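The chains referred to below are lettered A, B, ... by the order of the sequence lines, with proteins before strands, and numbering in each begins at 1. Source: prediction; values computed, not measured.
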Amino acid sequence: MFSIPVFLQSFEPLFWAARYTLLISGLGIALGLVIGTLVCAARLSPYAPLRGFAAIWVSFLRGVPLLVQLLVFYYTLPVIGIDVPAIFAAVVTVGICASAYISEIWRGAIAALPRGQAEAAVAIGMTPRDTWTRVILPQAFTMSLPALVNELILLVKASSLVSVVGILELTRASQAQAATTFRPLEVYLAAACIYLAINLCLAALGRYLEHRTAV
Amino acid sequence: MEWSILEQYGPALLRGFGVTVLCWILGTIFGMALGLMIALIQRYGPRWLGWIIQAYIEVIRGTPFLVQLFVLYYGGPLIGLRLDALPAGLLGLTIYGSPYFAEIFRSGFRAVPHGQIEAARAIGMAEPTIVRRVLLPLGLVSSLPALVNFSIILTKETVILSIITVPELMYQVSRMSTETFRYLEANLVLALFFWALVETISRVGRRLETRITKHLIERT
């Protein structure tokens with residue numbers, strides 16, 4: 001039967017592991033932002049090979065399940081002679097996967113900007129560089145903030161998959177906990193509660209940003 | 001990669017692929033059915049039921065699929081829900097997909113012009129008939145692109161079922177790679193395979209979309 005004391009006791013060790021969940025998804029989105037920006041720039045560049053490369057990058061990473069990407073990356077690194085901690089491989093995979101989605105978010109935001117904005121900037125004599133850094137990018141960034149928070153929520157959930165390569169984040173910790181206490185129902189429900197709490201906070205943040213940035 | 005491996009593991013891989021497709025199709029159908037039910041209850045049901053359903057949607061969308069599967073498969077027996085891996089996986093996929101499908105249907109229904117429903121009422125259609133003949137046909141067409149999109153996302157979620165030992169493609173590939181120590185090749189091939197599968201499905205999906213929504217595009 002479901003036991004409430006066991007359920008409440010499971011939280012403490014899981015909180016500790018939840019920090020790794022936050023760490024992996026936080027670093028993942030940071031890395032995703034950097035690579036995603038580059039991919040988006042490549043996607044919008046005038047050079048066809050760059051555009052093609054970016055299109056394949058996005059299509060591959062969005063078409064292959066994250067779990068498979070994780071295993072490919074995890075087993076590739078030792079083969080090419082790079083010996084890194086598993087957590088590094090996990091963050092890099094999550095970040096690379098996020099980069100595909102983030103570059104699409106950027107692209108959508110830039111495409112959604114009224115053309116008049118760029119035209120007006122050119123008309124008042126701004127250089128192309130100023131047009132991008134002062135007119136297009138700031139607006140595109142504000143517009144895409146809610147979508148980015150959404151992506152972060154997806155990453156928090158996706159980070160549960162890195163438990164498969166042995167990283168002691170929330171899901172892995174709850175597996176270990178369930179194995180030692182023989183109370184999987186209580187432990188996994190506690191883990192679900194922590195995930196839910198994190199994501200509800202992030203969703204609230206997303207709504208706040210949406211409200212703030214709405215024109 | 002040595003081809004003899006494929007000869008040896010070919011049948012298992014094919015079976016695994018069959019299970020993957022089965023999980024995907026059944027998961028999509030059941031998830032859509034549950035999602036449609038949820039969307040209709042939210043629209044027509046009593047308010048308290050709507051709140052419960054809203055909580056359900058938040059909980060399922062706020063937790064990882066893997067954790068839901070663990071609760072169901074490892075936690076289920078504690079409350080008397082004893083399922084084999086495959087049924088548990090299918091149930092998990094259905095539950096996981098239902099809130100997303102429900103939200104898609106909900107916005108599809110919202111896209112039905114109010115005048116259509118008022119017109120149906122004005123000519124004296126009964127409420128269930130309005131749902132069947134006006135709301136559903138119009139709402140389903142406008143939610144089609146999102147439905148296709150989400151069912152493609154579900155193909156990718158089926159690999160997670162391998163973690164609770166559902167014998168689908170990923171499970172068979174992992175078994176093959178642990179027995180032959182060819183982790184990299186096996187996973188790389190799996191990745192390419194999924195890429196091709198997802199690209200094909202999304203192309204077919206787009207064709208289907210343009211065909212079904214052809215009447216919506218204004219002729220010029």
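Between B:Ile163 and A:Leu67 the shortest side-chain heavy-atom distance falls below 4.5 Å. At least one side-chain heavy atom of A:Ser59 sits less than 4.5 Å from a side-chain heavy atom of B:Trp195. You'll find the side chain of A:Leu161 stays beyond 4.5 Å of the side chain of B:Phe65, heavy atoms only. For the pair A:Pro65/B:Glu157, no side-chain contact is recorded, criterion being any heavy-atom separation below 4.5 Å from C-beta on. Counting heavy atoms from C-beta on, the side chains of B:Val198 and A:Phe60 never come closer than 4.5 Å.
Taking chain B as the reference chain and counting heavy-atom pairs below 4.5 Å, the highest number among A:Ile198, A:Leu61, A:Leu185 is found for A:Leu185. Most heavy-atom pairs under 4.5 Å with chain A: of the set B:Ile152, B:Ile153, B:Val59, B:Val173, this distinction falls to B:Val59. Between chain A and the residues B:Leu197, B:Ile79, B:Leu190, the most heavy-atom pairs under 4.5 angstrom are made by B:Leu190. Comparing A:Tyr74, A:Phe73, A:Tyr195 by heavy-atom pairs within less than 4.5 Å of chain B, the highest count is held by A:Tyr195.
The two residues A:Ser160 and B:Pro64 have their closest heavy-atom pair at OG-CB, 3.3 Å.
Here the CG-CG distance, from A:Leu189 to B:Leu78, works out to 10.0 Å after rounding to the nearest 0.5 Å. Separation of atoms OG1 (B:Thr63) and CD1 (A:Ile194) is listed at 12.5 Å; rounding is to 0.5 Å. Of the inter-residue distances, the one linking B:Asn187 atom CG with A:Gln69 atom CD reads 11.5 Å to the nearest 0.5 angstrom.
A:Tyr188 and B:Tyr74 have tilted rings, their planes meeting at an angle from 30° to 60° on a 0 to 90° scale.
Both the backbone and the side chain of A:Ile56 have a heavy atom closer than 4.5 Å to some heavy atom of chain B. For a residue to count as touching a neighbouring chain, one of its non-hydrogen atoms must lie under 4.5 Å from one of that chain's; by this rule B:Thr158 does not touch chain A. Looking at B:Ile160, both its backbone and its side chain come within 4.5 Å of chain A, counting heavy atoms on both sides. Proximity to chain B (any heavy atom under 4.5 Å) is shown, for A:Val72, by both the backbone and the side chain. With a 4.5 Å cut-off on non-hydrogen atoms, A:Leu200 touches chain B through its side chain but not through its backbone. In this structure, chain B has no heavy atom under 4.5 Å from any part of A:Ser159.
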Check your understanding: Would B:Phe70 and A:Val187 count as a side-chain contact (heavy atoms from CB on, under 4.5 Å) if you check the C-alpha gap in whole Å, the side-chain angles of each, and the deciding distance to 0.1 Å?
Key -> CA-CA 10 Å; B:Phe70 282 163; A:Val187 174; over 6 Å; no

Review point. How far apart are the C-alpha atoms of A:Val68 and B:Lys156, what are their side-chain angles, what is the distance that settles it, and do they pass the side-chain contact (heavy atoms from CB on, under 4.5 Å) test?
Key: CA-CA 9 Å; A:Val68 180; B:Lys156 294 192 289 167; over 6 Å; no

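Although no hydrogens or angles enter the test, the distance criterion places a donor-acceptor pair under 3.5 Å between the side chain of A:Lys157 and the main chain of B:Arg61. Within the 3.5 Å criterion, the main-chain N or O of B:Gly62 finds a donor-acceptor partner in the side chain of A:Asn199.
More than 12 heavy atoms of other shown residues, nucleotides or ligands fall within 6.0 angstrom of atom OH in B:Tyr44. Crowding of B:Tyr96 atom OH: a count of heavy atoms from other residues, nucleotides or ligands under 6.0 Å exceeding 12. Other residues, nucleotides and ligands contribute over 12 non-hydrogen atoms within 6.0 Å of the CZ atom of A:Arg51.
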